[in-house]
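Structure, as structure tokens:
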Protein chains: 2
Amino acid sequence: MPVIKSSRDEAVDAIMREFRKFGYDAASLSRLSAATGLGKSSLYHYFPNGKEDMAKAAGARAVELVVEAVIEPLTGEGDLKARLNKTTTGLSKFYNGGKSSCLVDLFTIGEAEAATPGLAKAMAEALLRAFAGVAEEAGHPKKDAKNIAERAVIEIEGALVLARALGSTRPFQRMLARLPELLLEDGG
Amino acid sequence: MPVIKSSRDEAVDAIMREFRKFGYDAASLSRLSAATGLGKSSLYHYFPNGKEDMAKAAGARAVELVVEAVIEPLTGEGDLKARLNKTTTGLSKFYNGGKSSCLVDLFTIGEAEAATPGLAKAMAEALLRAFAGVAEEAGHPKKDAKNIAERAVIEIEGALVLARALGSTRPFQRMLARLPELLLEDGG
DNA sequence: TCCATTGTACCGAACGATTGGTATATTGGA
DNA sequence: TCCAATATACCAATCGTTCGGTACAATGGA
């Protein structure tokens, strides 16, 4: 049964896209207004505390999507390799094949951290936990698993940065291709 | 013989630090003025085209420093392992042990790209070239060398992002520790 | 059934503050 | 006497925000 989206949810999605495109500071209210199709004053109806609330809502939505696309496949049940496949697919979808940025990156720059305190850290830690769990499941000792998880998150974030800088999604695609073996294989 | 810094050069260094702290959009003229200790008129004396010029100068200075700290050790003469040691030391210095961000990241966000077109890409490509050269020198076939270089840059950028998000330089330190073996060893 | 009331969704216009930027004047060392 | 360097004063534009208000649907007592 299809859930009917309220206008607010649509606005949040558009706002999240805008923040992921421009970062917190460059995503001005006029831009957010244009992106949502809502007047600036209307945005204050849904987000009484203004830009700060919009950033919080966008962050929460991003967390939802990451949980759905990445963390649930990772921590779910069933064959490990199949779940890793779902995970790479989920990563590709959430990051738009490497074209869309990560708020772990953008929300640790400029004034964003004040608006969404702890969000980037929480998101990063959730990913670290999920990847570490998988690495342990794959047979790595606890300490190794943590290191491997860190490398996984580093590769995701780094690939997104490099893809942005080069104007090519190739680095992100290659990173996705080697992610499963990073988590599964012995010896790094 | 110590080169005497002109007031402009000192300003450029301060401006670069500011851009690396806040990103392009959040580094306002008032902040840049405070950081340099120069009034607006002085800033416009040194940088006639305003913020854009400041970003260009900061970018050029960052390139200088990266060349000196990372690329020259990599492409220089002498024992390979010794040069890699210099490189990790240089990386640690330039990125302040993981506390300072990279303009390859920050200058691909918001309005920065319009002010410094191609800069982030050029910087990323310079690093890729240097790392690929080293990987080839270490015995990797050309194609593998390119992949390894890409992974090196990805790990650097990713580690900086994660360090920022977690508020800890540990991920960056661990990344530096495994960089040499990534470039030297066979099989990734 | 009528209609006053309330709540939701939205908007245009304006707010004070700050943005990046300029024009003109003054200072001070070579 | 230059002229680089800095100060003072100002600008239009945009920033995030708030105000006063409209349109409309839902509610509920008489």
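Convention: sequence-line order gives letters A, B, ...; per-chain numbering from 1. All of these numbers come straight from a predicted model, not from anything done at the bench.
For A:I109 against A:D25, the heavy-atom pair with the smallest separation is O-OD2, 3.9 Å.
A cation-pi geometry, defined here as NZ or CZ lying under 6.0 Å from the six-membered ring centre and within 45° of its normal, does not hold between B:K51 and B:Y44. A cation-pi arrangement is found for B:R20 relative to B:F94, the charged atom lying closer than 6.0 Å to the ring centre and inside a 45° cone about the ring normal.
Regarding contacts with the backbone of D:dA4, every side-chain N or O of B:S42 stays at 4.0 angstrom or more from both OP1 and OP2. In this model, the phosphate group of D:dA5 is approached by a side-chain N or O of B:H45 to a distance below 4.0 Å at OP1 or OP2.
Per the geometry, CD belonging to A:E10 stands 13 Å off C1' belonging to C:dA9, to the nearest Å. Spacing between atom OH of A:Y46 and atom C1' of C:dG7 amounts to 13 Å, rounded to whole angstrom units. When the P atom of D:dT14 is taken as reference, atom CD of B:E111 falls 12 Å away, rounded to whole Å.
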Footprint string (nucleotides 13-30 of chain C, 5' to 3'): B base within contact, S backbone only, - free, heavy atoms under 4.0 Å: ------SBBB--------

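Looking at residues two or more places apart in sequence or on another chain, you find a salt bridge (Lys or Arg N to Asp or Glu O under 4.0 Å) between B:K56 and B:E52. Judged as a salt bridge (Lys or Arg N to Asp or Glu O under 4.0 Å), and not counting sequence neighbours, A:E72 has no contacts.
With hydrogens and angles disregarded, no donor-acceptor distance shorter than 3.5 Å links the side chain of B:D105 to the backbone of B:E157.
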